[in-house]
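Here the structure comes first, spelled out in structure tokens, and everything after it is commentary.
Values below: every heavy atom of this structure, side chains too, minus hydrogens, waters and symmetry copies.
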Amino acid sequence: MPVVATDADLLHLRARLHRMFLGAGDRRYEFRHPRLDQQENERLSLLTHSYMNECGCAFGSLFISLTAGASVVYYFSSGGTVDGITVRDLSLLVGLTVAGAIAGKILGLLLARIKMLRLVRHALELTRRPHHHAPAQEKTSWEESAAKPRNG
């Protein structure tokens with residue numbers, strides 16, 4: 001498990017996040033930065049683990065539902081009937097649903113990557129402040145807008 005103990009470690013992590021693939025092994029980072037208190041290091045470690053393990057399944061599931069539902073609604077609203085469903089119609093439904101699942105999964109992974117980049121930027125800001133003190137159980141603005149991902 002990689003340890004984040006310096007600003008250079010944070011910069012290295014940020015550089016890795018800008019690459020397309022991170023590698024399968026580095027999904028858990030442990031923050032031990034001396035300029036952060038133990039609670040903040042633990043919180044950043046947990047958030048990092050959560051974001052790095054995001055699989056995009058929640059968005060994939062949502063997009064499956066949306067594309068399948070929209071396809072069925074479109075079919076019937078454009079005059080289609082249950083008796084008139086053809087193999088072509090079913091193939092189109094399956095194709096659109098698969099495309100929706102793939103798009104949703106990619107979007108979910110992209111959003112998790114953005115959350116990680118924001119977390120690293122926030123950690124760098126914290127470590128560069130003189131005499132950092134952890135906030136008392138309140139969420140910071142970057143954390144509120146980066147809702148905790150749901151793994152499917």
Residue pair Pro34 / Ala5: nearest heavy atoms and the distance that separates them: CD-O, 3.0 Å
Hphob cluster co-occupancy, Ile64 + Tyr74, side-chain heavy atoms under 4.5 angstrom: no
ILVMFWY network linking Val98 to Ile106, side-chain heavy atoms under 4.5 angstrom: yes
Leu46 backbone acceptor or donor facing Ser50 side chain under 3.5 Å: no
Neighbour count above 12 (heavy atom, 6.0 Å) for Phe76 CZ: yes
Residues that Glu30 engages under salt bridge (Lys or Arg N to Asp or Glu O under 4.0 Å), provided they are two or more places apart: Arg32
Flag, side chain of Arg35 to backbone of Arg129, donor-acceptor distance under 3.5 Å: yes
Min side-chain heavy-atom separation Arg28-Pro2 under 4.5 Å: no
Co-membership, hydrophobic cluster, residues Val72 and Ile85, 4.5 Å side-chain: yes
Partners passing salt bridge (Lys or Arg N to Asp or Glu O under 4.0 Å) against Asp89 (at least two apart in sequence or in another chain): none
Contacts of type salt bridge (Lys or Arg N to Asp or Glu O under 4.0 Å), residue Arg14, not counting sequence neighbours: none
Taking every non-hydrogen atom, the tightest pair across Phe63 and Gly100: CB-O, 2.9 Å
N/O donor-acceptor pair under 3.5 Å between Lys115 side chain and Tyr51 backbone: no
Shortest non-hydrogen separation from Tyr29 to Arg16 and the atoms involved: OH-NH1, 2.7 Å
Rounded distance [0.5 Å steps], CG in Leu44 versus CD in Gln39: 10.5 Å
Value rounded to 0.5 Å, distance of NE2 in His122 from CG in Leu47: 9.0 Å
Interatomic spacing from CG in Asp9 to OG1 in Thr6 - rounded to 0.5 Å: 3.0 Å
Donor-acceptor pair, side chain of Tyr75 and main chain of Ala70, under 3.5 angstrom: no
Cluster overlap Leu117 with Leu11, hydrophobic side-chain contacts below 4.5 Å: yes
Shortest non-hydrogen contact from Ser71 toward Leu96: OG-CD1, 3.4 Å
Approximate separation, where rounding is to 0.5 Å, of Leu107 CG and Lys105 NZ: 12.0 Å
Over all atoms of both residues, closest heavy-atom pair of Leu17 and Val120: CD1-CG2, 3.9 Å
For Thr127 against Leu124, the heavy-atom pair lying closest together: OG1-O, 3.0 Å
Any Thr97 side-chain heavy atom under 4.5 Å of Val94 side chain: no
Check: His33/Asp7 side-chain N/O donor and acceptor closer than 3.5 Å: yes
Nearest-0.5 Å distance that lies between atom CZ in Phe59 and atom CD in Glu54: 8.0 Å
Single-linkage hydrophobic cluster, 4.5 Å side-chain cutoff, Val82 and Val87 together: no
From Ile114 atom CD1 to Leu119 atom CG, the distance as rounded to the nearest 0.5 Å: 13.5 Å
Test item: Met52 and Met116 side chains (from C-beta on) under 4.5 Å apart, heavy atoms: yes
